[in-house]
Protein chains: 2
Amino acid sequence: MEPLAPVRWHNNRLGLIDQRLLPIEERLMACSSAEETAQAIETMVVRGAPAIGCAAAFGLAVEAMRLAADQQLGWIERLQPGYARLRSCRPTAVNLAWALDHLWSLLPGMAPHEVPQQLLMAAQQILADDLASCRAMGQLGADQITQPSGRPLRILTHCNAGALATAGYGTALGVVRALRDQGRPIRVMATETRPLLQGARLTAWELVRDGIDTTLITDSMAGHFMSSGEVDVVIVGADRVAANGDVANKIGTYALAVLARHHAIPFMVVCPLSTIDRATAHGDAIPIEERAAVEVTHWAGLRRAAEGVQVRNPAFDVTPATLVSMLVTEKQVIFTPNEATIAALWTT
Amino acid sequence: MEPLAPVRWHNNRLGLIDQRLLPIEERLMACSSAEETAQAIETMVVRGAPAIGCAAAFGLAVEAMRLAADQQLGWIERLQPGYARLRSCRPTAVNLAWALDHLWSLLPGMAPHEVPQQLLMAAQQILADDLASCRAMGQLGADQITQPSGRPLRILTHCNAGALATAGYGTALGVVRALRDQGRPIRVMATETRPLLQGARLTAWELVRDGIDTTLITDSMAGHFMSSGEVDVVIVGADRVAANGDVANKIGTYALAVLARHHAIPFMVVCPLSTIDRATAHGDAIPIEERAAVEVTHWAGLRRAAEGVQVRNPAFDVTPATLVSMLVTEKQVIFTPNEATIAALWTT
């Protein structure tokens with residue numbers, strides 16, 4: 001099976017697999033401006049912290065191509081609105097800001113007539129680096145997991161931290177793929193991940209596509225299966241990790257971490273260094289996006305919830321570092337994430 | 001607002017509010033035989049442990065009316081197939097067997113020509129007793145809950161342990177109604193309860209109908225809101241309580257109990273004595289119904305989950321007695337449910 005490329009350069013535009021349509025249909029959406037890219041990120045055509053970082057970088061590059069003819073203003077002035085629009089289109093994942101700020105920092109060093117091409121090359125580099133990071137994390141994470149004797153390793157994952165959430169291969173699912181590539185017998189249990197069903201629609205789709213034994217459960221069943229001894233390890237991704245190791249990730253991650261601790265099951269978080277936000281001291285300071293009520297009340301345009309009920313719809317929650325057994329980055333695995341061990345990732 | 005009567009005697013037949021259609025439509029389904037009643041219970045036209053006990057009792061009574069003309073066999077022989085069919089139509093809730101066995105035990109004492117009318121009267125009595133039990137439990141449970149000063153009490157509930165799950169008034173939601181009737185400011189947070197959305201469709205509907213401030217969340221959000229200090233008490237019902245106090249209830253209850261303990265939030269289980277199964281020693285011995293995969297993979301006939309994925313769909317889980325802060329019955333509140341304190345419910 002051809003590797004998944006959810007974010008790619010295609011026909012001189014940004015091409016995104018429209019993840020809202022999966023698993024029913026695999027369709028590429030083209031973006032030709034920062035605004036189109038920002039809308040695609042907001043509406044979750046593309047989602048997953050590393051993937052939206054990659055998409056935003058290409059979004060700035062296509063914006064530069066669109067504006068290349070305009071000679072009235074300098075590049076900073078021309079690109080500023082698109083940069084600002086992209087940078088604020090979703091608040092929680094830090095990779096978005098990280099990727100854009102990286103490109104922005106390169107801008108002053110570029111010859112003006114080369115800016116569009118140079119930004120595109122920088123975006124391509126971010127994509128390539130993310131893919132390489134995923135493969136490195138997969139290997140490092142897999143090496144930390146003990147294989148039970150005589151039966152498959154049983155992995156529980158939440159949401160989609162897979163190929164579709166990255167440049168390819170995945171973070172949490174990168175570890176799953178590395179385990180598979182090591183020839184280990186594995187079984188994955190995927191939570192459906194309400195409200196947007198990234199587990200049922202995306203994780204199940206990409207793992208079944210890769211021939212990996214996968215079982216779908218509702219989010220509420222995870223505790224039951226931990227209690228019945230059917231989970232050996234929990235592996236999730238992250239949208240932002242604070243300087244002290246607190247992890248913001250898809251809503252429901254925190255409950256899984258508490259349940260894993262209660263059952264003495266290792267809880268592994270897998271994310272590239274670009275997801276670690278050293279400027280945010282702890283999890284309480286991470287902005288948590290609250291999305292529209294309709295995601296909870298409706299299904300395919302049909303209201304299922306009773307009229308008149310209020311709705312809360314936080315898209316993420318924060319898991320304190322103390323509940324994280326292992327934080328896997330492309331550089332190394334940290335067993336006690338805290339301010340010192342996180343800071344050491346940049347100094348050692 | 002008129003009280004809800006999900007199970008009622010109507011036009012000489014059993015009338016059930018078809019809960020599959022709520023909240024879109026409130027329609028009464030009529031059952032004229034044990035088979036029709038069993039199918040209604042299996043397909044969750046009616047659900048909730050006390051309500052299916054009441055429905056099954058009326059199911060046996062309508063079966064007797066249907067078979068009254070048959071003079072070839074005695075009543076035991078005539079009713080045996082319907083009794084057996086009803087008794088096995090769902091495995092987990094013990095009220096079903098309890099109600100049927102109660103009627104069955106009365107049968108030998110009935111004059112043959114009076115059996116249909118006597119069974120109907122016995123079913124009516126079960127319904128009346130259940131309603132009275134709910135009101136008693138509501139009062140006893142509410143009296144155990146401390147009102148915070150200066151703000152509403154915030155209650156988290158799961159699935160539907162409401163008027164719709166009982167003869168009326170509810171078990172967990174009976175406590176909510178009693179708190180409201182005591183004039184206390186309250187706010188309810190209801191989990192949607194995948195896969196069948198009893199929280200979004202039924203709990204939200206009956207609480208909004210009663211003018212109670214209600215907020216809907218997905219199941220995965222409960223831990224987050226406990227962590228952010230937005231839950232004062234968790235109140236749930238039960239489908240079967242073992243002799244040692246272990247509680248079988250809607251899938252996801254166990255995870256809420258672990259999360260409540262982690263956050264030092266009281267976890268209250270509310271159920272009538274008819275839900276306590278003294279013949280089942282502990283939770284591991286309670287049969288857990290596993291329902292069809294289509295409940296998880298599809299929505300309104302449309303498949304949302306990826307093709308090829310396997311599915312687990314246990315409808316219930318077991319919460320160990322040690323995680324239950326209070327077990328509220330119509331007789332008294334037990335603070336340390338165990339074999340001795342449960343047994344004492346019948347001896348003191």
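So you know, we letter chains A, B, ... as the sequences are listed, proteins then strands, and number each from 1.
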Looking at T322(B), is its backbone amide N or carbonyl O close enough to the side chain of R261(B) to form a donor-acceptor pair, meaning the two atoms are under 3.5 Å apart? yes
When you measure from the side chain of R187(A) to the backbone of D213(A), do you find a donor-acceptor pair of N or O atoms at a distance under 3.5 Å? no
Spell out, as yes or no, whether a donor-acceptor pair under 3.5 Å connects the side chain of T157(B) to the backbone of A190(B). no
Chain B contact via L197(A) - side chain, backbone, both or neither, heavy atoms under 4.5 Å: side chain
Should Q198(A) and M44(A) count as side-chain neighbours, where that means a heavy-atom distance under 4.5 Å? yes
Heavy-atom distances under 4.5 Å only: say whether E230(A) touches chain B with side chain, backbone, both or neither. side chain
Strictly below 4.0 Å, N to O, side chains only: are R240(B) and D277(B) in salt-bridge contact? yes
Mind ranking R312(A), H224(A), H263(A) by heavy-atom pairs under 4.5 Å with chain B and telling me who comes out on top? R312(A)
Which one, W205(A), Y254(A), W299(A), leads in non-hydrogen pairs under 4.5 Å with chain B? W299(A)
Out of G308(B), P314(B), A204(B), A255(B), which one racks up the most heavy-atom pairs below 4.5 Å with chain A? P314(B)
Side-chain heavy atoms of N249(B) within contact of C159(B), under 4.5 Å: no
Members of residues 280-290 of chain B whose heavy atoms come closer than 4.5 Å to chain A: none
What pair of heavy atoms forms the shortest contact from V296(B) to R194(B), and how long is it? O-NH2, 3.1 Å
Which answer fits E295(B), side chain, backbone, both or neither, if we ask what part of it has an atom under 4.5 Å from a heavy atom of chain A? neither
Expected output: side-chain R177(B) to main-chain Y169(B) donor-acceptor under 3.5 Å: yes
Checking heavy atoms, do the side chain of I24(A), its backbone, both or neither come under 4.5 Å from chain B? side chain
So F267(A) and L256(A), do their side chains get closer than 4.5 Å, heavy atoms only? yes
Honestly, the part of E206(A) sitting under 4.5 Å from a heavy atom of chain B is neither
Would you find a donor on one side and an acceptor on the other, under 3.5 Å apart, between the side chain of R154(B) and the backbone of G229(B)? yes
In terms of heavy-atom pairs under 4.5 Å with chain B, which of D317(A), T191(A), T214(A), T218(A) leads? T214(A)
Answer yes if the side chains of Q19(A) and R47(A) hold a donor-acceptor pair under 3.5 Å, and no otherwise. yes
Measuring heavy-atom distances to chain B, does H262(A) have an atom under 4.5 Å in its side chain, in its backbone, in both, or in neither? side chain
When every non-hydrogen atom of F316(B) is compared with those of T92(B), the smallest separation belongs to CD1-OG1, 3.3 Å
Looking only at E307(A), R304(A), R201(A), most heavy-atom pairs under 4.5 Å shared with chain B are made by R304(A)
Comparing V208(B), T215(B), D219(B) against chain A, the one with the most heavy-atom pairs below 4.5 Å turns out to be T215(B)
